[in-house]
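None of these values were measured; they are calculated from a predicted model. Each residue takes its place number in the sequence, starting with 1.
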Amino acid sequence: QVQLVESGGGLVQAGGSLRLSCAASGRTFSSYAMGWFRQAPGKEREFVAAISRSGGTKYYADSVKGRVTISRDNAKNTVYLQMNSLKTEDTAVYYCATRSGGSSSSVPSSYDYWGQGTQVTVSS
């Protein structure tokens with residue numbers, strides 16, 4: 001049973017930083033690509049960042065490029081999302097997801113398992 005548990009969300013002022021974590025269990029973590037997505041109220045889930053199984057390839061949405069860094073620690077079965085210079089439009093529930101295969105993807109439907117999400121609220 002694959003389980004993904006996000007943590008690190010919270011309330012932060014605009015311009016601040018947060019680091020999200022996603023702890024994985026139930027599959028060989030280092031064999032699978034990971035992604036972060038977010039969903040704001042009334043909006044569809046959107047891609048934020050993805051990382052290949054080795055960590056050597058990373059993709060970012062244009063909306064977060066330069067402000068966000070995805071990384072992974074395969075020894076700890078954890079993927080991270082460091083978010084800096086946060087904006088009010090970054091407010092959303094953030095989800096991590098894992099997909100079969102080692103290459104990263106920005107397509108939500110290509111991911112097999114999802115976490116429950118962690119709320120990020122950025123105040124002005």
Hydrophobic cluster identity match, F47 and V79, side-chain contacts under 4.5 Å: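 Unlinked, F47 and V79 end up in two clusters.
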Looking only at heavy atoms, which two atoms of [X] and [Y] are closest? And how far apart?
X: A40; Y: T91; value: CB-O, 3.7 Å
X: V68; Y: L81; value: CG1-CD1, 3.2 Å
X: S100; Y: D112; value: N-OD2, 2.6 Å

Lys NZ or Arg CZ of R67 over Y60 ring: under 6.0 Å, within 45°: no
Rounded distance (nearest 0.5 Å) linking atom CH2 of W36 with atom OH of Y95: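 These two atoms lie 12.0 Å from each other.
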Rounded distance (nearest 0.5 Å) linking atom CD1 of I51 with atom OG of S71: 6.0 Å
Residues that A23 engages under side chain to side chain contact (heavy atoms under 4.5 Å, CB included), provided they are two or more places apart: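 Applying side chain to side chain contact (heavy atoms under 4.5 Å, CB included) to A23 gives T78.
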Whether F37 and W114 hold their rings parallel, tilted or perpendicular, with breakpoints at 30° and 60°: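 Plane angle between 30° and 60°, so tilted.
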Candidate pair Y32 and R53, rule side-chain hydrogen bond (donor to acceptor under 3.5 Å, both in side chains), full reasoning: CA-CA 5 Å; Y32 299 94; R53 61 184 175 183; over 6 Å; no
Donor-acceptor pair, side chain of [X] and main chain of [Y], under 3.5 angstrom:
X: S105; Y: V107; answer: yes
X: K58; Y: S52; answer: no
X: R99; Y: G35; answer: no
X: E46; Y: Q39; answer: no

Ion pair check, D62 and K65, cut-off under 4.0 Å: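 K65 and D62: salt-bridged.
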Side chain proximity check, T118 to V93, heavy atoms < 4.5 angstrom: no
Salt bridge (charged side-chain N to carboxylate O under 4.0 Å, His left out) partners of R45, counting only residues at least two apart: none
